[in-house]
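Whatever order the structure lists them in is the order used to number ligands and atoms, beginning at 1. Residue numbers start at 1 and run along the sequence shown.
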Amino acid sequence: MTRLVSDQVKNISGRLKAYDLELKSKTGATLKGLALSAAGLKKDDSFCPEETVAVVPITAGQGVIGFFSEAISAIAAHLGFKARVTAKSDVAGLAEAYQSGAGLVIMADDFLYTAINLKTRRVIDNDEATVAGYCTALQKMTGGLKKKKVLLIGAGPVGQAAACRLILLGAELIVYDLKRAKENLLAALIKQRYQTEITRGLNLKEALSVASIIFDASTGDRFIKARELGENTYVAAPGIPLGFDEAACKKIQTRLVHDCLEIGTAVMLFSALA
Ligand code: 2YJ
């Protein structure tokens, strides 16, 4: 599991307006619209959530990441929540969040990033929310995934969650993982759960040549090159670092959705309301 670093999150708050413009040009939706839709809330950008979000910095494990809590608070405020970072961290921060009447609390250690609705007790995991957000982005970019070939790269926990969601959206799935055993495990899971076969056993080059819609759930660094991609390739890539090298990113820049925190966090917050 990749741990974010301060440099990846320090500019998020200042760039949310530009982020929205770019996301809208690619998907037709703002971060708020995309996240509402991914969370299953039938509301539009005019929706004004009433809950206050308390972001609790967590010092456990490798400690606080500079600007992490501030970036989450800025994303929540951008979505229309009242949001703040608690003055205290850890247990004291959680107590502070309750005492101040926050409706939602959001926090992360080195293993879990979670949003909790303090009123309904609903608990939302970042991985699930991220998958929902990026699948929605792929759907919006491509006009829907029904009967379309989608290449899923990476069959770890995020890849597994993505596979289930993509199948439910009607996609024809091809899975690629460095470890064949993981591809087989995923295929068995999908067969058992949805009585559906998925294509596996291809090498990366072959896999990239059969699908022009890609969900990159891997955490491999720049292993996909521009020459391996078709002209009209659509990519949703929540993994960090990004699997596409610089030239590949340039080739797909208007059809690539990738960020460190925004989509996952936005979907978590709205899912916690659902
Ligand atoms: O409060 C803080 O500043 C830190 N405790 C934040 C830690 C953030 N955690 C991570 O980046 C981990 N990789 C967990 C992310 C889980 C994503 N599914």
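Checking side-chain atoms of Gln195 against main-chain N and O of Gln192 turns up a donor-acceptor pair under 3.5 Å. Remark: the backbone N or O of Leu229 is paired with a side-chain donor or acceptor of Lys251 at under 3.5 angstrom. Side chain of Arg122 to backbone of Asn117: no donor-acceptor contact under 3.5 angstrom is found.
A salt bridge links Glu22 with Lys26: at least one charged nitrogen is closer than 4.0 Å to a carboxylate oxygen. The pair Asp177-Arg180 fails the salt-bridge criterion, with no side-chain N (NZ, NE, NH1 or NH2) lying under 4.0 Å from an Asp/Glu carboxylate O.
Inspection of the Thr30 and Asp45 side chains reveals an N or O donor paired with an N or O acceptor under 3.5 Å.
Under the 6.0 Å cut-off for aromatic ring centres, Tyr234 and Phe215 do not qualify, their centroids lying 6.0 Å or more apart.
Residue-ligand proximity: Ser89 is placed with every non-hydrogen atom at 4.0 Å or more from ligand 1.
The contact set between ligand 1 and Pro57, taken as ligand atoms under 4.0 Å from a residue heavy atom, comprises 1 (O). Every atom of ligand 1 with a heavy atom of Gly63 under 4.0 Å away is listed here by number and element: 4 (C), 5 (N). Near Asp110, meaning under 4.0 Å from one of its heavy atoms, ligand 1 places the atoms 12 (C), 13 (N), 14 (C).
For atom 7 (C) of ligand 1, the choice among Ile106, Asp109, Leu4, Leu112 with the nearest heavy atom turns out to be Asp109. With atom 6 (C) of ligand 1 as the reference point, the heavy atom nearest to it among Ala108, Ser6, Cys260 is part of Ala108.
Residue-to-ligand polar distances keep Ser69 apart from ligand 1: every N/O pair is separated by 3.5 Å or more. Checking only distances, Asp127 does come within under 3.5 Å of ligand 1, N or O to N or O. For ligand 1, one of its N or O atoms has an N or O atom of Ile65 under 3.5 Å away. Where the criterion is an N or O separation shorter than 3.5 Å, residue side chain and backbone included, Ile58 meets it with respect to ligand 1.
Looking at Asn126 against ligand 1, only its side chain comes within 4.0 Å, counting heavy atoms. Counting heavy atoms under 4.0 Å from ligand 1, residue Thr130 does not touch it at all.
For the side-chain contact (heavy atoms from CB on, under 4.5 Å) criterion with Tyr113, the lone passing option out of Ile124, Thr130, Thr265, Asp125 is Thr265.
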